[in-house]
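Naming: A, B, ... by sequence-line order, numbering from 1 per chain. Keep in mind the model is a prediction, meaning the values are calculated, not measured.
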2 protein chains.
Amino acid sequence: MDSNGGGAAQARETGTLGKLMVLLDLVTHADAPLRFTDVLALAGQPRGTLHRQLSHLVEEGLLELDGDGRYAPGLRLLDFAARSWARNEFRMIAEPHLADLQRATGETVHLGVLRGQSIIYLDKVEGRQPVRMYSQIGNASPCYCTGVGKAALSLLPAESLVDLVAGLSFTSFTASTHVSAETLLAEIREIADQGYAFDREEHEAGIRCVAAPVWSEDRTFMGGISITGPAYRLSMELLHQWAVPVQLAAARIMEGMRVRLGPRR
Amino acid sequence: MDSNGGGAAQARETGTLGKLMVLLDLVTHADAPLRFTDVLALAGQPRGTLHRQLSHLVEEGLLELDGDGRYAPGLRLLDFAARSWARNEFRMIAEPHLADLQRATGETVHLGVLRGQSIIYLDKVEGRQPVRMYSQIGNASPCYCTGVGKAALSLLPAESLVDLVAGLSFTSFTASTHVSAETLLAEIREIADQGYAFDREEHEAGIRCVAAPVWSEDRTFMGGISITGPAYRLSMELLHQWAVPVQLAAARIMEGMRVRLGPRR
DNA sequence: ATCGTTGTTCCATTATTTGGAACTTAATTT
DNA sequence: AAATTAAGTTCCAAATAATGGAACAACGAT
C-alpha cells in the first residue's frame, strides 16, 4: 500500500501540510503541466480529496490552473523565493568573495547549501553576460555528485553522514557518478582530510569543478563554493592549483559570517 | 473578533493551508527574522497552536529556524520558484522580445503579470552587467503605481476592475502616487483607450517608465512589459516616442503565444 | 444523439487541528 | 548562587477540518 514507484515521497510528520507539499512537489517536478487525471494517477488518492487539495493550492497561488485544466507551479512561489533570497545573510556576505574568485579565475563560481539530501544554489557569478537569472540559482542538485555537495557532506558528523548517505538513491548521471555508499563515504573522508572536493564530470559530462566547504557557526548553513567549467579548459592539474584560492575565499566568507553574526548571538 | 490591525490578512477559504500561508506571509514579509514571541504577537494565536504550525512549516523547509530561535523564509522556496520560473511559457516566449527592446532603447526592460493585487516580475533585461539575479525578478509590486501594473489593470473587464480597485489600500510612495480609486480608474480608462501606460515617478522618485499590456488568450496571464529608467534620461517626450516600440514588442509576444499555444488547445 | 471520459459536488464518517494549562528550559535579577 | 521572570515546549479533551465513496454535471468522441 505504500509502494512508491520511483518518486522520493516519504511519510512526513507534518499532517495536512505534508500531504499538500507532496502534491506541490509532484506538480513542480513534472516536466509539463499535468491534467487532473494525471495528478490523480500519480498521487493515488480519492478524486474528491484530490480535487479539494488542488483547489486549495490554486487558491493560495502555489499552483496555477490554466485554461486547458492543466496544473503548473504558481507564480506566488516567486514572491516568496525573492524574499527568501534577498534576505539571506549567508548569501549577502559571500557575494563579494564569489565575485573576487570569479575575477581571479575567469570561470563560473557557485555558492550552495545543503538542505535535506540536496544542494540548493544560492548564487552564481559568471564571467560573461549570459547570466540567465534563476538559471542555476534556486536549483536543487544531488549532494553526492556535485563539488559543493561533497564538500558539504564532509562537514557532517560521522553519524549524520552515514544516516544521510543511507537514505540516498544514486542516479548514474555519467560514467563517473558515485553509485554506492561505500565509494562515496571513502571520498568524503578524503575530502574532510584535505579540505576541498572535486567534481570529475560526475553530474554532467564535460563539466568539472573544485569546491571548498563553508559553514556558519551555528551549523544552520553547511555548504560550499565552487569554481566550475568545461573539462577541456579545466585540467585536473589546474583544479588542484585552484584548491588554495577556493579555500581562501571560503575562509573569508566564514570570517565575514563570524564578524557579522557573532556579536549579536 | 476579526479586527485586523494593519496587516493584509484575509479570511481565506482554504482551511488549514490558508492559516499556514498567512503565517508564511507574515514571516517572509518581515524585515528581519522573527522570534517565536514576535510571531505570537503578530499572529495572535494560542501558543500551542502556533508552535505546531511553525514546526510543520520548518519541517517542510518553507521556514527556517536559526540557532537563535529566529524564524526566516526557507530555502526550499527557492527550489520551487526556480522550477516555476524555468517552466513558465509566457516568460520563455517573451524573452527574445524583451532583449530586442532592451537593445533598441538601451534601457531596462521588465515583464510582469498580475496576480491578485500585485504585479509579479517574471523577467528583467538590463543593459549592463549588473544583473543581480532575483534583484527584481519574483518581486511583487503594487499594481496601482507601476507601469506594468496599470497596463495590466487596463485589460480587466469593468466589473473585475472596480472590484479589485475597491480592495486596494493606497500607499503614497511618492508625491505622484495615486491615492484614490477615482483618479486611478480615470487613468486606467485612458490607458485602455490609448494602449499604453506611464509611470511618472509614482512608485519610486526619479524613476519613470512606459509600459504596454500583454495577455494570453485564455486570460491566464494579464500583465505587461515596460521600459524603465531614470527621469533625467527618460523625458516624457522620449517615453511617448517609445510607446510604439513597446506596443510592437507586446504584439509580437502575444503572436508568439498564439503560435506556440494555439495549436494544442 | 449516445457513450465513455473527465471533472465537480455532496455529506456522514474519520482524523486532525485547536487552545488552555501544565511543564521545562533559558535568561535576568537580587 | 538562588530566586524570579520570561521564553519555549508538551499534553489532551473538545471543536473543526479532511476524507472518500457515490451521485452528479460537463465535455469529447464516435
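Scored by the ring pair (Phe, Tyr, Trp, His ring centres under 6.0 Å) test, B/H110 finds B/Y121 as partners (sequence neighbours excluded). Evaluation of the side chain to side chain donor-acceptor pair (under 3.5 Å) rule for B/E64 yields A/R115 as partners, not counting sequence neighbours.
Under 4.0 angstrom from either OP1 or OP2 of C/dT17 there lies at least one side-chain N or O belonging to A/T16. B/K19 has a side-chain polar atom (N or O) that falls below the 4.0 Å cut-off from OP1 or OP2 of C/dT18. Within the structure, every side-chain polar atom (N or O) of B/H51 is placed at least 4.0 Å from both OP1 and OP2 of D/dG8.
Note: CG (B/L54) to P (C/dG19) measures 14 Å, nearest angstrom. Summarising the geometry, the separation between CG on A/L50 and C1' on C/dC10 is reported as 17 Å, rounded to the nearest angstrom. Rounding to whole angstrom units, CD of residue A/Q53 and C1' of C/dG7 are separated by 16 Å.
Note: A/N139 CG to A/I119 CD1 = 12.5 Å, rounded to the nearest 0.5 Å.
Residues B/E255 and B/R252 are not paired through a salt bridge, judged by the lack of any N-O separation under 4.0 Å between the basic side chain and the carboxylate.
Side-chain atoms of A/E59 and B/T14 include no donor-acceptor pair closer than 3.5 Å.
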Handout entry: Base versus backbone protein contacts along nucleotides 20-30 of chain D [heavy-atom cut-off under 4.0 Å; B, S, -]
Key = BB---------
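Relative to the axis of its first five pairs, the axis of the last five pairs of the helix from C/dA1-D/dT30 to C/dT30-D/dA1 sits at 50°, rounded to 10 degrees.
Residues A/D25 and B/F80 have side chains in contact (heavy-atom distance under 4.5 Å, counting atoms from C-beta outward).
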Taking distance alone, no hydrogens or angles, what donor-acceptor pairs closer than 3.5 Å link side-chain atoms of residues 30-48 of chain B to residues at least two apart or in another chain?
from  : atom 1 : to    : atom 2 : distance (Å)
B/D38 : OD2    : B/R35 : N      : 2.8
B/Q45 : NE2    : B/Q53 : OE1    : 3.0

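Residues of residues 33-40 of chain B having a heavy atom closer than 4.0 Å to DNA chain C: none are found.
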Practice task
Test A/D79 against A/R83 for salt bridge (charged side-chain N to carboxylate O under 4.0 Å, His left out), laying out the working first.
Solution key: CA-CA 6 Å; A/D79 181 32; A/R83 289 175 204 283; 3.2 Å; yes
